[in-house]
Amino acid sequence: MPDPLVTAPQSPARLKRHLLGRTIRKLDRRGKYLLFELDSNELLVIHLRMTGRLTRTQLPLTTAEKPHLRLMLRFADNTALVFHDTRRFGKSFILAATGAGAYWKKLGPEPLESSFNRKYLYQALAKRKRPIKSVLLDQAIVAGIGNIYADEALFEARIHPLRPAGDLDAEEIQRLVRSIKATLRRAIRLQGSSIDTYRDARGRKGRFQETFTVHRRQGEACPVCKDIVQKIKVGGRGTYFCPRCQS
DNA sequence: CGTTAGCCCTGCTGGC
DNA sequence: TGCCAGCAGGGCTAAC
């Protein structure tokens, strides 16, 4: 049975009941949510949060695969999709096809799609007083940017994380759109960031963390101007920036 | 409506 | 060297 915390607020039994005997018809993604489209027209939704890992494995599980196991989907060919999560922050739930549209409505556009452009971001930021860093992490503005990528994109765009979002001018917004897309594309090419436990579906580490410019580099020299990278808190999140490059 | 603070979790880090 | 408070963070809710 799944870990009740992972299925909450739904029960583990409910998740099992909706998955038993089903076929996964299609895989998709929306923001940070992974979508498994079932032949019942329902969606199994999984969010990995910080320490979640989703891997395909042969059964039976080895001893090494048992710790922190939160959810396991066993397939007819004796393989399984296993969800490991040390901090139990990850979530999984069943979404009815009829309710799916309403659920995803609260998410902003995909950052790598053309609908996320300077025109969109300009109107989305207008009159907002929150720090730009907090706005980039707001999934209703743009879906899928996490703490690492916000820091790296703001550095590349040379924008201070505390700048009130509505104060950015058109040129800065254009730089920001470009740096967000470039940062995410680069991170995807390097298969993500493995600071902690992240591994891809084949169990491999990402390499983007090896190329961080400012994130988690407080006290080190900025790769552009050699000034010292600073760490502050913005919206409760650790935030790293170069005080000289990012004004 | 816009915004912020607090909470959930647990393994690791940093400071003493 | 050993201990333990505090950090890490995405998204939700409550409160202002």
Side-chain angles (χ1 to χ4, degrees), chain A residues 2-12 29-35 43 45-54 64 66-71 83-95 99-100 102-111 121-154 161-168 180 183-184 187 192-199 205-206 208-209 212 214-220 229-241:
Chain A
D3 180 343
L5 201 56
V6 169
T7 66
Q10 298 179 355
S11 71
R29 180 193 58 77
R30 183 74 177 91
K32 300 173 188 174
Y33 296 86
L34 304 175
L35 313 179
L43 288 173
V45 184
I46 296 182
H47 194 308
L48 301 175
R49 299 280 183 102
M50 270 82 63
T51 56
R53 295 174 56 180
L54 208 51
K66 288 175 183 172
H68 307 123
L69 178 67
R70 308 301 179 198
L71 171 71
F83 180 39
H84 286 91
D85 188 14
T86 46
R87 277 182 224 168
R88 303 169 83 203
F89 247 38
K91 292 291 166 202
S92 64
F93 54 93
I94 297 289
L95 197 59
Y103 191 87
W104 305 120
K105 239 183 183 172
K106 58 188 175 185
L107 288 182
E110 290 289 326
L121 194 59
Y122 190 89
Q123 63 84 25
L125 300 187
K127 292 175 186 169
R128 287 185 192 272
K129 297 184 167 123
R130 298 160 70 197
I132 183 63
K133 165 81 184 271
S134 298
V135 175
L136 293 185
L137 293 178
D138 184 340
Q139 305 297 297
I141 304 284
V142 51
I145 300 177
N147 200 39
I148 291 168
Y149 306 101
D151 281 356
E152 293 294 302
L154 283 169
L162 285 175
R163 286 277 302 283
D167 286 0
L168 299 190
I180 287 169
T183 298
L184 293 177
S193 310
S194 292
I195 291 176
D196 201 342
T197 58
Y198 174 77
R199 299 292 183 278
K205 278 190 176 191
F208 188 64
Q209 72 281 1
F212 285 173
V214 288
H215 188 76
R216 299 209 181 197
R217 291 197 182 278
Q218 75 270 31
E220 296 182 32
V229 173
Q230 306 288 311
K231 181 188 182 188
I232 56 175
K233 270 213 186 296
V234 181
R237 301 290 171 250
T239 299
Y240 306 79
F241 69 103

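Note that these values count all heavy atoms, side chains included, but never hydrogens, waters or copies made by symmetry.
- What separates NZ of A:K231 from C1' of B:dG14 is a distance of 11 Å, to the nearest Å.
- Contact annotation: A:K233 reaches the phosphate of C:dA8 (side-chain N/O to OP1 or OP2, under 4.0 Å).
- Between the two ends of the helix from B:dG2-C:dC16 to B:dC16-C:dG2, each summarised by a five-pair axis, the helix axis turns through 50° (rounded to 10 degrees).
- Along DNA chain B, the nucleotide nearest A:R49 and the nucleotide nearest A:H68 are compared for position; the residue whose nucleotide lies closer to the 5' end is A:R49.
- Using a 4.0 Å heavy-atom distance criterion, A:R70 is classed as making no nucleic acid contact.
- Residue-level contact check: A:K129 touches the backbone only, with heavy atoms under 4.0 Å from sugar-phosphate atoms and none from bases.
- Every residue two or more places apart in sequence or in another chain that forms a side chain to side chain contact (heavy atoms under 4.5 Å, CB included) with A:S134 is listed here: A:R130, A:P131, A:V234.
- Between A:I232 and A:F241 the shortest side-chain heavy-atom distance falls below 4.5 Å.
- We find that CG of A:L107 is positioned 14 Å from P of C:dG10, with the value rounded to whole Å.
- Note: A:Y103 and A:F93 have tilted aromatic rings, judged against thresholds of 30 and 60 degrees for the angle between ring planes.
- Rounded to whole Å, atom P of C:dG11 lies 12 Å from atom CG of A:L34.
- Residues A:H215 and A:N147 meet the side-chain proximity criterion, which asks for heavy atoms closer than 4.5 Å.
- Toward the 5' end of DNA chain C, the nearer of the two residues A:Y103 and A:H215, judged by each one's closest nucleotide, is A:H215.
- Per the geometry, NZ belonging to A:K91 stands 9 Å off C1' belonging to B:dC9, to the nearest Å.
- A donor-acceptor contact under 3.5 Å is formed by the side chain of A:R237 with the base of C:dG11.
- Here the nucleotide nearest the side chain of A:H47, chosen from B:dC9, C:dG11, C:dG9, is C:dG11.
- At distances below 3.5 Å, at least one donor-acceptor pair connects side-chain atoms of A:R70 with backbone N or O atoms of A:D85.
- Atom NZ in A:K133 sits roughly 17 Å away from atom C1' in B:dT3 (whole-Å rounding).
- For the pair A:Q139 (side chain) and A:I145 (backbone), a donor-acceptor distance under 3.5 Å is present.
- Note: CD (A:Q10) to P (C:dC12) measures 13 Å, nearest angstrom.
- Near DNA chain C, meaning a heavy atom under 4.0 Å from it, residues 134-142 of chain A has A:Q139 in order of number.
- When the nearest nucleotides of DNA chain B are assigned to A:R130 and A:T86 by heavy-atom distance, the more 5′-ward of the two goes with A:R130.
- Side-chain contact between A:Y33 and A:W104 is present, with heavy atoms from C-beta onward closer than 4.5 Å.
- Residues A:Y149 and A:S193 form a side-chain contact, since some pair of their non-hydrogen atoms from C-beta on lies under 4.5 Å apart.
- Looking only at distances, no side-chain donor or acceptor of A:T86 sits under 3.5 Å from a matching main-chain atom of A:H84.
- Distance CG (A:L5) to P (C:dC12): 15 Å, rounded to an integer number of Å.
- No donor-acceptor distance shorter than 3.5 angstrom exists from the side chain of A:R88 to the backbone of A:G90, with no hydrogens or angles considered.
- Going from atom CZ of A:F89 over to atom P of C:dC12 covers 13 Å, rounded to whole Å.
- With hydrogens and angles ignored, a donor-acceptor pair closer than 3.5 Å exists between the side chain of A:R87 and the base of C:dA8.
- Nucleic acid contact class of A:Y149 (heavy atoms, under 4.0 Å, all strands): none.
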